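The model shown is predicted, which means the values in this text are computed figures rather than measured ones. Start at 1 with the first residue, then count along the sequence.
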Amino acid sequence: MATTPRRHVNPKDAAEALFKPIKKVAAPAVERPAVPNTKELVSLKIDADVLAHFQTDGPGWQDRMNDTLRAAMKQATGS
């Protein structure tokens, strides 16, 4: 009964086996359903005077800006 050796007999084969790239199968991307009424973090460049206008009333300026954008969106679509 012939047995295979546990180690490579040829040192070159052993070295090549160490550096041989491992082929990994990428897991498919999982798409999660969007949760209703969630806000998304974005980076947005706004003119300084526009930002100052919304920030003058203090905290909540992001919500006020969002409300203004939503009103403009509804006006543009006629909803």
| task | Might you work through the side-chain contact (heavy atoms from CB on, under 4.5 Å) test for F54 and T68, ending with a clear yes or no? | result | CA-CA 10 Å; F54 283 97; T68 302; 3.5 Å; yes
| message | Please list all pairs meeting side chain to side chain donor-acceptor pair (under 3.5 Å) that have one or both residues in residues 53-63, counting only residues at least two apart or in different chains. | response |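 As it turns out, the side chain to side chain donor-acceptor pair (under 3.5 Å) pairs with a partner in residues 53-63, which skip direct neighbours, are K39-D63.
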| For K12, does its backbone N or O pair with a side-chain atom of N10 as donor and acceptor, under 3.5 Å? |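 Yes, because the side chain of N10 sits within donor-acceptor range (under 3.5 Å) of the backbone of K12.
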| query | With the 4.5 Å side-chain cut-off for hydrophobic clustering, are V42 and L69 part of the same group? | reply |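 Shared cluster, no.
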| message | Tell me the closest heavy-atom pair linking L51 and I46, and the distance in Å. | response |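 Minimum heavy-atom separation between L51 and I46: N-CG2, 4.1 Å.
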